[in-house]
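No experiment lies behind these values; they were computed from the predicted model shown.
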Amino acid sequence: MKKHVCVICGYVYDPEVGDPDSGIPAGTEFTDIPADWICPDCGAPVTSFEEE
C-alpha cells in the first residue's frame, strides 16, 4: 500500500488509515478512491496527489 501526497498542501493519504471522515475506509488503495474525493486539508482534487 503506497502513500500519496497532495502537491498543494502536503497532506499524506495513508491507505492503512483511509479518510473515514470522508467515507473512505481504512485499507482503501489510493487508486480505489472515487474521482470526486478531495483533499481533506485544502480541498484539492484527487488529481493533485502524487505517489510518495
Side-chain angles (χ1 to χ4, degrees):
M1 297 184 120
K2 297 179 180 179
K3 296 179 182 178
H4 285 71
V5 63
C6 176
V7 298
I8 307 292
C9 72
Y11 171 83
V12 177
Y13 174 78
D14 183 347
E16 292 185 15
V17 176
D19 182 14
D21 292 339
S22 297
I24 309 296
T28 303
E29 290 284 354
F30 189 79
T31 54
D32 294 329
I33 292 176
D36 63 349
W37 179 79
I38 59 170
C39 176
D41 283 353
C42 73
V46 71
T47 55
S48 296
F49 282 74
E50 293 181 347
E51 191 174 304
E52 186 177 55

Identify, with sequence neighbours excluded, every residue that meets salt bridge (charged side-chain N to carboxylate O under 4.0 Å, His left out) alongside Asp14.
Lys3
Please identify each residue that fulfils side-chain contact (heavy atoms from CB on, under 4.5 Å) with Ile38, with sequence neighbours left out.
none
According to side-chain contact (heavy atoms from CB on, under 4.5 Å), who are the partners of Ala44, at least two apart in sequence or on a separate chain?
Cys6, Ile8, Cys39, Cys42, Ser48
With ILVMFWY side chains joined below 4.5 Å, transitively, what does Phe49's cluster contain besides itself?
Tyr11, Tyr13, Ile24, Phe30, Ile33, Trp37, Val46
Show which residues join Met1 in its hydrophobic cluster (side-chain heavy-atom contacts under 4.5 Å, direct or indirect), or state none.
none
Here the salt bridge (charged side-chain N to carboxylate O under 4.0 Å, His left out) pairs for residues 42-52, sequence neighbours left out, are Lys2-Glu51
Nearest non-hydrogen partners of Gly10 and Val5, listed with the distance
O-CG2, 3.5 Å
Which residue pairs pass the side-chain hydrogen bond (donor to acceptor under 3.5 Å, both in side chains) test with at least one member in residues 21-36, sequence neighbours excluded?
Asp19-Ser22
